[in-house]
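This report concerns only the one structure given below.
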Amino acid sequence: MSKRKARDAHLPIGECITQVQQILRERFCERLLPDRPEGVEAQYKHLLELLRRTAIHGESNSVLIVGPRGAGKTMLLQCVLRDLQKEEKVQKNLLQVHLSGLLQTDDRTALKEITRQLHLENVVGDKVFGSFAENLAFLLEALKKGNRSSSCPVLFVLDEFDLFAHHKNQTLLYNLFDVSQSAQAPIAVVGVTCRLDVLELLEKRVKSRFSHRQIHLLSSLNFTQYLERVWTQLSLPDSFPDKKFAQEWNAGVKTLCEDKSVEEVLQRHFNSSKDFRSLHMLLMLCLSRVSVAKPTIKPADLLEASRMCFADATANMLHGLSILELCLVIAIKHLNDVYEGEPFNLQMVHNEFKKFLHRKSNSMYNFEQPVVMKAFEHLQQLELIRPVDGSSAKVQREYQLMRLTLDHSQIMDALQKYPQCPTDVKQWAMSAFG
Amino acid sequence: GLAILRTNLKWPNLIFTLFHFETLTFFVLCLSLPENGQQMKAVVQWFMRVSELPVNKLKLLGREPHPQEIFYYECRNCDNEVNVESILRPVKVKHLDSNDPFPDSSDKDTLYVKLSWDSKVFGVVNSTVMESPAEGPSRRVLPTPDHAIMQKASLGEVGCSSVGTPANVEAESLHSATKLSASKCLSAKRRNATARTPGVRKRLELSSECSHKDFKMQPLCRTREQQGFLYISNTKNHHFLTVSLLFLQISPGTPKTPRHATPSIPIRSLQTQQPANILEEARARLHVSSVPESLPCREQEFQDIYSFVESKIIDNTGGCMYISGVPGTGKTATVHEVIRCLQHAADMDEIPSFHFIEINGMKMTDPHQAYVQILQKLTGQKATPDHAAVLLEKRFSNLAPRKETIVMLVDELDLLWTRKQNVMYNLFDWPTRRHARLVVLTIANTMDLPERIMINRVASRLGLTRMSFQPYSFKQLQEIIMSRLNKLKAFEEDALQLVSRKVAALSGDARRCLDICRRATEICEHSAADPSSTGLVGMSHVMEALNEMFSSAYITAIRCASTQEQLFLRAAIAEFRRLGLEEATFQQVFVQHQALCRIEGLRPIGVSEGLAVCQRLGACRLLLLEPSHLGVLQHIRLNVSQDDIFYALKAD
């Protein structure tokens, strides 16, 4: 109740914060398309022209949009489609079919989906009738009957294009590209993929029918542009209802971006990855710390968010291990040092552990074999160690060969942070010889 | 389904007509206005019978349904406008409150409505809805697919209609009604075991002022399965009749497979724009799809295929030919050209007429579908693959001489390979039959396909008539473009030569050549603002197009990668050198990576961040990775040459 009152008392600012959260979240979740795609104007123009020619002139085309994940391939395509739909000549002259390699895992489902989205006559309600062979024949017949001047152009968008290349015989791709190269209904095939070697996946006949147009989205942006992007992403638009608040917020963002520590953090992110999706993740974490009590983003928020982004989940898992399990991990580390990463088994690890106990028996209790085995199995369940491929299940569990899936630096980091770690164990871990 | 019927029609005259509707015969009362004779539509309301409800939904009712109970159908997606021609007969429909008991009536022509059904749940029907036709559900003229199909079907078969006098019709119908009522019961039972309705006689009373005796009952309709009556109620106004009709049709709730669906793409709403300038015109002509007036550079092959097929047609024999060549060398185009010319000759009566069919191994889902497609193209029949094979076998081994030679083009032959090779065997065996008169032209990419994949008996039947299409030379490519452009001055001479030389050196694929030229015209168009441009496609434009299409993006991708990604690639190379292998685990590379970070003065990254960097490189295939669940143990290989990486990283 008191909280509610406090909110009511600050209603204007509470309202402002809600608005800020809403506007920025929409941006960071990539729900809103930007007015113009930044940094990819040439590609935007190329794609727009291409699709416009399909819609207006009925010219069949095929094109691939290639770029690393998070580079804005889908965003580019969506922007182009949105702007195309605004044109009167295009509006009712373009049918769209959207497929994704992750959803349409074989040609059978892909064909059903195409037929459904085109509302061909063998569709009733949401159901597509006929077998796979009939569907294919039907669709091809439909496209074949069309011609350049009278049929409505169809745009096929194939998301995760590389996955379509794994379909049997590449039937769908062959047929789409074949239609795009023959005097049938005009179609445009747009493939979206992150694989640079996608053309090598295509069979030679399919490849020959593809127009070899590729639009590459490779951002050559530098750090200054990156910083600018952070700034524009965080600042509020002029249309924000409360002008005074918007001014203060934007000023706050400006000082934030000029902060040295912030710049350092962003530089680190920029060095790691240039894509905007990871940046949006970072900014989203900052934004979620903004509240009525703290209506600006402070450098500390960004540092904290960055720490969360870079946190190593596997190393964190080590903090939850028991002392015995930790000791086993250390024993494995020593074994790895001695045998240069050769696989090990429980017996070897136990022996190593026993050697340690002999030397420093005062602080540790000598565990029974079954207890050690239990701990070892727990490590396996956590996937901190994994059985060597090909080691058969016939081998007794104690002798099954294993490998450690941790890096030594992760073990040492975890030991430093482990609560109340016995000094003996720490020393053992750090000593060069087991 | 059961559609009922409410309409006010002007009613000056009645004509009885017999219509054949698809496979069912209806006696239908055709209400027409002699003044203008136009077709009439009746606005109907659909009702569901108990037997038409999904069985598993019946329990929602919470009680036993009455045999004569029907449900007001509230689905919005069905057409409520029907041709009056499809009207069957009248019934009486009574609306009951949901709590009222069903009256104990023996009248089987009375139906009761208590509830509505919207394809998911039952609802209560308002009595006003039932009684006032004007306030019925809003009219929607959106045709459902099944209705459209039925109409289409009826158009084709309305042909045999006869006009009888009312008396005749009445007599005949009455006679048939008695005869058919028994079979009707049986068929209803057969159709749905759960159906509790003994018959399908239903009646709807629409206007409350219509009393029963006003009706003149007219048994009207007969079908194999259905029968019905038309009810005409005579209201006070003699010119307006409220007509109650019963309309039996495919149930709107359970649509049937559309058997007569026509494959078609919607028509565009705006006209296509014609090419406005020389470059657009050139682009249209250079599109692979535009059919050239003649096929240059394949004269010899054309002549060979032409004389082969022609001789077979003239001699009334059969034969096989195998055509091979890399993609884009004009194999299919040449065969089509040959067929076009032969067809022309046949039209001129120079050679006997023939029938051409075409199948493509890539355009079917399974090799055995070839039989289905051949049969369908020959006879229009539909059959399963096995049945089609039997029918074709019969057809080709038939001893009676056929009147026409069949020329069959089998494209992408290698896709018809099966383990037993029976599809290929049959394709090549049929032409050898005595009276088959079948010429088979097969096309595939590889020259040695018969030797490589065919077993002896198949290869032997294919015979030795082979032809191989060589990749185009640069002169030929140039000629192809010139002939397509047809004296249109859009390209500089040098530019054309560059394209054709480049393509000839790489693949000799004519499609590639045309695509590059098309792209070059676009680039030229964009740079038209440049004052130095001549409006023609020049060397620079072609160079740019070639670069776009042939240069690999790896080097640009490496240059555009983030600092850590570049470092990781360097670390991988360093580790490979150290190991003397082309493969290393992530863990090994990561050690190198951290060392490199220190050298470069960057803060070393953690393992999970390192893995993320590695995954990103793997996603765009600069690296080849093992499945990611292996974590630090996964093996890493490069997908680019080390030299490329050094070149890319050195440049900046």
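For the numbers below, each heavy atom of this structure counts, side chains included, while hydrogens, waters and symmetry mates do not. A quick note: this is a predicted structure, and the numbers were derived from the prediction, not measured. Chain letters run A, B, ... following the sequence lines, proteins first, then strands; residues in each count from 1.
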Go through the side-chain N and O atoms of B:Q566 and B:T563 and say whether any donor and acceptor fall under 3.5 Å apart. no
Could you have a look at B:G361, B:G328, B:A619, B:G631 and say which one has the most heavy-atom pairs with chain A under 4.5 angstrom? B:A619
Winner by heavy-atom pair count (cut-off under 4.5 Å) against chain A, out of B:V326, B:N360, B:I605, B:V372: B:N360
Shorter than 4.5 Å, heavy atoms on both sides: which option in B:Q594, B:Q369, B:Q587 has the most such pairs with chain A? B:Q587
Report yes if the distance between the aromatic ring centroids of A:F310 and A:H269 is under 6.0 Å, otherwise no. yes
No-hydrogen, no-angle side-chain donor-acceptor test under 3.5 Å, A:R386 and A:T405: no
In terms of heavy-atom pairs under 4.5 Å with chain A, the winner among B:M362, B:M549, B:H287 is B:M362
Please rank B:R518, B:M364, B:E548 by heavy-atom pairs under 4.5 Å with chain A and give me the top one. B:R518
Are B:V613 and A:S272 close enough that some pair of their side-chain heavy atoms sits under 4.5 Å apart? yes
Just so I understand: if I count every heavy-atom pair under 4.5 Å between each of A:D312, A:L140, A:N93, A:N61 and chain B, which residue has the most? A:N93
Heavy-atom side-chain contact between B:R283 and B:E280 under 4.5 Å: yes
Ranking A:R213, A:K89, A:K168, A:K145 by heavy-atom pairs under 4.5 Å to chain B gives rank one to A:R213
Side-chain donor-acceptor pair present, B:T262, A:E121, cut-off under 3.5 Å: yes
Where on A:R195 is there a heavy atom nearer than 4.5 Å to chain B: the side chain, the backbone, both, or neither? both
Ranked by heavy-atom pairs below 4.5 Å to chain B, first place among A:G146, A:G58, A:S149 goes to A:S149
Passing candidate, side chain to side chain contact (heavy atoms under 4.5 Å, CB included) with A:L48, options A:H46, A:K45, A:R52: A:R52
Which atoms of A:N135 come close to chain B, meaning under 4.5 Å heavy atom to heavy atom: side chain ones, backbone ones, both, or neither? neither
Is any side-chain heavy atom of B:C513 closer than 4.5 Å to one of B:D509? no
So which residue, B:V632, B:L622, B:V607, B:L617, ends up with the most heavy-atom pairs under 4.5 Å with chain A? B:V607
Choice from A:A311, A:S220, A:S219 maximising heavy atom contacts with chain B below 4.5 Å: A:S219
